[in-house]
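Step one of this worksheet: look at the structure below.
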Amino acid sequence: MSRSDDPGQTLAPAALPAGDWLAPADGHRVWWCEGGDPDGLPVLIVHGGPGGASRLEPTRWFDGLPVRWIAIDQRGCGRSEPLGQTAGNDLGALLDDMERLRARLGLSGWAVAGGSWGACVALAYAARQPQALRGLLLRSPFLGTPAETRRYIAGWLPWLGGAGRDWLGEAAAESVAALYQAEPGLLHIGAMQADERIARAWSAFDDAQSAPGGVAASGARCDPAALQAATPQLMASWRVHAHYAAASWGVAGAGAAGVPALNTGVPVSLVWGAADATCDPAVARALAALPEALSNEVPEAGHRMSDPRLAPALRAAARDWALRC
């Protein structure tokens with residue numbers, strides 16, 4: 001559920017191919033790219049967030065394998081235009097874009113890999129388009145339930161501490177906590193999305209929460225002087241993320257809330273960290289009961305894709321999964 005597939009890294013787009021854009025729809029021009037073996041298994045890689053962007057690292061999992069990987073930046077994210085646009089931007093629209101891309105590529109089906117929020121999108125796609133699914137790879141999955149959201153944001157006020165609350169302002173601090181309960185509270189959602197201090201503080205909290213055990217384990221606290229600048233990319237990421245949070249992620253409207261009753265008949269693989277404070281490991285454990293699922297809970301690992309414990313497990317699982325699809 002973090003703003004990127006690895007919140008410990010910059011939000012700037014990674015070194016991916018130049019790519020192309022889908023035809024405009026609902027005021028959005030959605031970017032995508034591809035690489036790998038053009039004759040290999042098509043694998044769609046779905047980035048995290050909401051508000052993240054496609055990254056190079058997941059594509060490298062498939063180096064040397066007969067895999068044609070495809071990446072797409074969700075509406076308002078990464079290289080998609082307009083950056084930060086929230087109108088016409090919901091989970092159903094993201095699924096529509098995935099289908100438009102599949103049609104453009106002339107593919108009868110593909111395997112889908114998603115992490116964090118991207119796993120939620122991947123599962124919603126699997127439920128909507130089972131006939132197109134050839135496999136499902138889920139990293140540190142998030143389903144958009146209220147319990148998951150409460151667990152994630154529980155560390156926000158303790159992380160702010162006195163210094164952070166004084167710098168941010170009490171009303172703003174409380175409004176961020178309320179936002180994750182779909183109760184924007186003391187600030188109108190539009191004002192929250194435009195507030196540079198909120199965006200900067202939330203970005204740093206999200207990063208700290210992604211370490212093993214999150215802020216509860218690390219004892220990390222907000223240092224206003226150390227917060228990153230409010231770049232256009234950061235503001236756009238926060239704008240999209242807050243938009244989805246205020247809508248309870250849109251999973252109910254897309255029929256994706258809770259553990260899905262999928263009977264895919266295709267290879268499913270799950271990998272997650274046992275010390276993930278961003279996305280609840282209990283969700284991954286429940287999803288591990290899906291038919292055809294292989295799972296790997298990595299001890300002491302957190303949420304970050306670059307976690308030195310999680311990274312090798314992800315690569316190994318992704319390669320095994322691709323060869324099973």
Side-chain angles (χ1 to χ4, degrees), residues 1-2 4-9 14-16 34-48 52 54-71 109-123 125-126 133-143 210-213 262 264-325:
M1 183 180 54
S2 62
S4 71
D5 287 314
D6 194 341
Q9 299 183 12
L16 287 165
E34 63 177 326
D37 182 350
D39 298 319
L41 168 75
V43 174
L44 178 67
I45 300 172
V46 187
H47 68 71
S54 297
R55 297 187 176 277
L56 184 64
E57 186 171 352
T59 74
R60 304 303 301 269
W61 296 339
F62 306 112
D63 284 354
L65 295 183
V67 168
R68 175 189 180 184
W69 60 260
I70 301 151
W110 51 13
V112 181
S116 194
W117 159 254
C120 182
V121 179
L123 284 162
Y125 180 83
L133 193 69
R134 295 180 59 179
L136 198 56
L137 173 63
L138 306 173
R139 173 187 59 83
S140 309
F142 171 70
L143 295 179
S210 296
L262 293 177
T264 63
V266 299
V268 177
S269 187
L270 297 106
V271 184
W272 69 94
D276 191 333
T278 298
C279 293
D280 192 347
V283 167
R285 295 177 194 128
L287 287 168
L290 288 171
E292 310 297 329
L294 296 179
S295 62
N296 184 6
E297 180 169 358
V298 183
E300 301 181 1
H303 187 72
R304 293 174 184 159
M305 190 164 52
S306 62
D307 184 302
R309 301 173 186 85
L310 193 61
L314 283 168
R315 179 176 174 83
R319 296 177 72 81
D320 173 74
W321 169 77
L323 293 173
R324 292 192 293 124
C325 289

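A quick note: this is a predicted structure, and the numbers were derived from the prediction, not measured.
To the nearest 0.5 Å, the span separating CZ on Arg304 from OG1 on Thr278 amounts to 9.0 Å. Annotation: the span from Leu16 atom CG to Trp69 atom CH2 amounts to 5.0 Å, rounded to 0.5 Å. How far CG of Leu137 is from CG of Leu44: 11.5 Å, rounded to the nearest 0.5 Å.
Minimum interatomic distance between Ser140 and Gly273 (heavy atoms only, all atoms of both residues): OG-N, 4.5 Å. Closest approach of Glu300 to Ala274, counting heavy atoms only: N-CB, 4.2 Å. The heavy-atom pair separating Trp61 from Arg139 by the smallest distance is CH2-CD, 4.4 Å. Residues Thr59 and Leu56 come closest through the heavy atom pair OG1-O, 2.6 Å. The two residues His303 and Cys279 make their nearest non-hydrogen contact at CE1-SG, 3.4 Å. Listed here is the closest heavy atom pair of Gly135 and Cys325: CA-SG, 3.8 Å.
Side-chain contact between Pro42 and Glu34: absent, with no pair of heavy atoms (C-beta onward) separated by less than 4.5 Å. Here the side chains of Pro141 and Leu270 are in contact, with some heavy-atom distance below 4.5 Å.
In this structure, the side chain to side chain donor-acceptor pair (under 3.5 Å) partners of Trp110, at least two apart in sequence or on a different chain, are Tyr125. Partners of Asp320 under the salt bridge (Lys or Arg N to Asp or Glu O under 4.0 Å) rule, at least two apart in sequence or in another chain, are Arg324. Partners of Trp272 under the ring-ring contact (aromatic ring centres under 6.0 Å, His included) rule, at least two apart in sequence or in another chain, do not exist in this structure. With sequence neighbours excluded, the residues forming a side-chain contact (heavy atoms from CB on, under 4.5 Å) with Ala301 are Val298, Asp307, Arg309, Leu310, listed by chain and number. For Arg134, there are no salt bridge (Lys or Arg N to Asp or Glu O under 4.0 Å) partners, not counting sequence neighbours.
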Compile the donor-acceptor pairs under 3.5 Å between side chains in residues 282-290 and protein atoms, sequence neighbours left out, one pair per line.
{"from": "Arg285", "atom 1": "NE", "to": "Glu297", "atom 2": "OE1", "distance (Å)": "3.1"}
{"from": "Arg285", "atom 1": "NE", "to": "Glu297", "atom 2": "OE2", "distance (Å)": "3.4"}
{"from": "Arg285", "atom 1": "NH2", "to": "Glu297", "atom 2": "OE2", "distance (Å)": "2.6"}

Atom pairs and distances, donor-acceptor, side-chain atoms in residues 311-318, under 3.5 Å, two or more places apart:
{"from": "Arg315", "atom 1": "NH1", "to": "Arg60", "atom 2": "O", "distance (Å)": "2.7"}

How far apart are the C-alpha atoms of Leu123 and Leu136, what are their side-chain angles, what is the distance that settles it, and do they pass the side-chain contact (heavy atoms from CB on, under 4.5 Å) test?
-> CA-CA 8 Å; Leu123 284 162; Leu136 198 56; 3.8 Å; yes

Please step through side-chain contact (heavy atoms from CB on, under 4.5 Å) for the pair Ile45 and Phe62, ending with a clear verdict.
-> CA-CA 11 Å; Ile45 300 172; Phe62 306 112; 4.3 Å; yes

Start with the C-alpha gap between Leu65 and Asp37, add the side-chain angles, then the distance that decides, and say whether side-chain contact (heavy atoms from CB on, under 4.5 Å) holds.
-> CA-CA 8 Å; Leu65 295 183; Asp37 182 350; over 6 Å; no

